[in-house]
J.: 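Pasting a structure here, questions to come.
Numbering starts at 1 and runs along the sequence shown. One-based numbering, in listed order, for ligands and for the atoms of each.
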Amino acid sequence: MSASRSLDLTAFPRYPLIEGSTPIQHLSRLSNALGDVDIYVKRDDLMGLGGGGNKLRKLEFLIGEATAQGADTIVTVGARQSNHARLTAAAAAKAGLACELVLTRTVPRYDTDYLDNGNILLDTLLGARIHDLPGNADAMAFAMTRADELRQAGHNVYLAPLGGSSATGCLGYAACASEILAQAHDARLTFDRIVLPNGSGGTQAGLVAGMAAMSEDPTRVVAYNVLATHENTVSNTRIKAAEAFALLRPGMMLPEGSVVVEDGQRGEGYGIPTDAMREAVRLLASVEGLLLDPVYSGKAFAGLLQSVRSKVFAPRSKVLFLMTGGLPGLYAYRSAF
Ligand SMILES: *Cc1c(COP(=O)(O)O)cnc(C)c1O
């Protein structure tokens, strides 16, 4: 029984960055206020390193792969307020690797909080070198050129993709799927739905691949796209989920229709605040004392609230929301609130 609930990931090099399991908590005040649905949160914002957040799960496998390859430097890409960039800098510091971040000004915010506070302040404290690119620049092309330069200077460089969402990075969320099932089993709970934001897709892809590899229904995992369009998010996440599944179950195919994404919360674009996001951030903060972020979890939680209010869930459903972190974003978005 427990064999199907656990995944053997020992074949993949893993650099430990997280202590133990993150807690699952019941939001009783919010659940009572909303009515007939029980809302739980998986606290992936509660991790000790570098302020924590979902990217640390991916980085356990990315840094594992980097150190197995003998890397001395890690280079990655992101938006100016990337949480992935900040946590890559933190993980690199802990693992003793140099870190370079290629950050683009893709989000149309030009105040000093957005440009210099939040994650940017932390990136520099964590010792990363920042390459500041305009919004229309090709960050990955720049990162590859920079990696070549560093290699020519004698460095062994590991290049991590946007959001850390390679198949290797997705393994961190396959591990999380197994962690969630084990915690649900211990608490005698069954979650009808697991809700989360989808940016670069790796978090959902890993959860989906992990669930499918444990013969659990992956369509219980429902994400809201906050970065790309719905169509592009689904196709990108399907590809990543299939790649991660192939690592876990070689020779087997991920079932069709495993990736479920709900549209309607992205608003005008990535990193652009919506009224529903503001309401969700304020509600969870004032009713439960929990802090969402303005770019990812705030928009996804707004989607969850909308589903509950429009009675999408059967009475007494148990819904688990994945809190993915991103608190420094609130400081960067001061002027949005
Ligand atoms: C990156 C990020 C996400 C999205 O995860 P992806 O794997 O890129 O889809 C969600 N929440 C926060 C706080 C993030 O930093």
Side-chain angles (χ1 to χ4, degrees), residues 22 41-47 50-62 76-91 101 103 107 118-119 122-123 160-177 194-210 221-228 230 232-241 243-244 259-262 265-266 270-271 277 280-281 284 290-304 321-333:
T22 61
V41 280
K42 170 75 171 158
R43 297 293 306 276
D44 270 13
D45 58 322
L46 277 189
M47 298 171 182
N54 66 335
K55 302 308 179 311
L56 283 184
R57 288 196 189 267
K58 303 178 190 181
L59 282 158
E60 287 202 320
F61 290 93
L62 297 173
T76 196
V77 298
R80 184 112 182 130
Q81 284 293 336
S82 165
N83 299 302
H84 164 66
R86 181 235 322 159
L87 289 168
T88 300
L101 306 172
L103 304 181
V107 175
N119 284 299
L122 303 182
D123 294 343
L162 183 76
S165 291
S166 61
T168 299
C170 291
L171 293 174
Y173 269 92
C176 183
I194 300 172
V195 176
L196 71 152
N198 183 317
S200 63
T203 303
Q204 183 176 17
L207 285 174
V208 162
V221 178
V222 176
Y224 288 86
N225 56 303
V226 301
L227 193 158
H230 181 261
N232 289 347
T233 301
V234 172
S235 61
N236 166 54
T237 308
R238 266 196 203 132
I239 292 167
K240 291 189 194 316
E243 287 172 358
V259 170
V260 182
V261 178
E262 293 229 347
Q265 295 299 329
R266 187 172 68 127
Y270 173 72
M277 176 280 288
V281 169
L284 198 60
L290 296 180
L291 297 166
L292 296 164
D293 83 284
V295 177
Y296 299 95
S297 57
K299 286 184 176 178
F301 204 80
L304 170 57
F321 183 78
L322 181 68
M323 284 193 70
T324 44
L327 173 64
L330 285 176
Y331 300 99
Y333 278 76

J.: Main chain of Arg266, side chain of Asn225: is a donor-acceptor contact present, judged purely on distance under 3.5 Å?
T.: no

J.: For the backbone of Asn54 and the side chain of Thr324, can you confirm whether one donor and one acceptor N or O come within less than 3.5 Å of each other?
T.: no

J.: Any chance you could lay out the side chain to side chain contact (heavy atoms under 4.5 Å, CB included) test for Leu290 and Arg43, step after step, and finish with the verdict?
T.: CA-CA 10 Å; Leu290 296 180; Arg43 297 293 306 276; 3.3 Å; yes

J.: Find out whether the Lys NZ or Arg CZ of Lys55 is both under 6.0 angstrom from the six-membered ring centre of Tyr296 and within 45° of the ring's axis.
T.: yes

J.: Could you give the N/O to N/O pairs under 3.5 Å linking ligand 1 and the protein, each with its distance?
T.:
unit_1, atom_1, unit_2, atom_2, d
ligand 1, 5 (O), Asn54, ND2, 3.1
ligand 1, 5 (O), Thr203, OG1, 3.2
ligand 1, 7 (O), Lys58, NZ, 2.5
ligand 1, 7 (O), Gly202, N, 3.3
ligand 1, 7 (O), Thr203, N, 2.8
ligand 1, 7 (O), Thr203, OG1, 2.7
ligand 1, 8 (O), Ser200, N, 2.8
ligand 1, 8 (O), Ser200, OG, 2.5
ligand 1, 9 (O), Gly199, N, 2.7
ligand 1, 9 (O), Ser200, N, 3.2
ligand 1, 9 (O), Gly201, N, 2.9
ligand 1, 11 (N), Thr324, OG1, 2.6
ligand 1, 15 (O), Lys55, NZ, 2.9
ligand 1, 15 (O), Asn83, ND2, 2.9

J.: Taking everything shown except Tyr331 itself, do over 12 heavy atoms lie less than 6.0 Å from its OH?
T.: no

J.: Under 3.5 Å, side chain of Tyr224 to main-chain N/O of Gly303, donor-acceptor pair present?
T.: yes

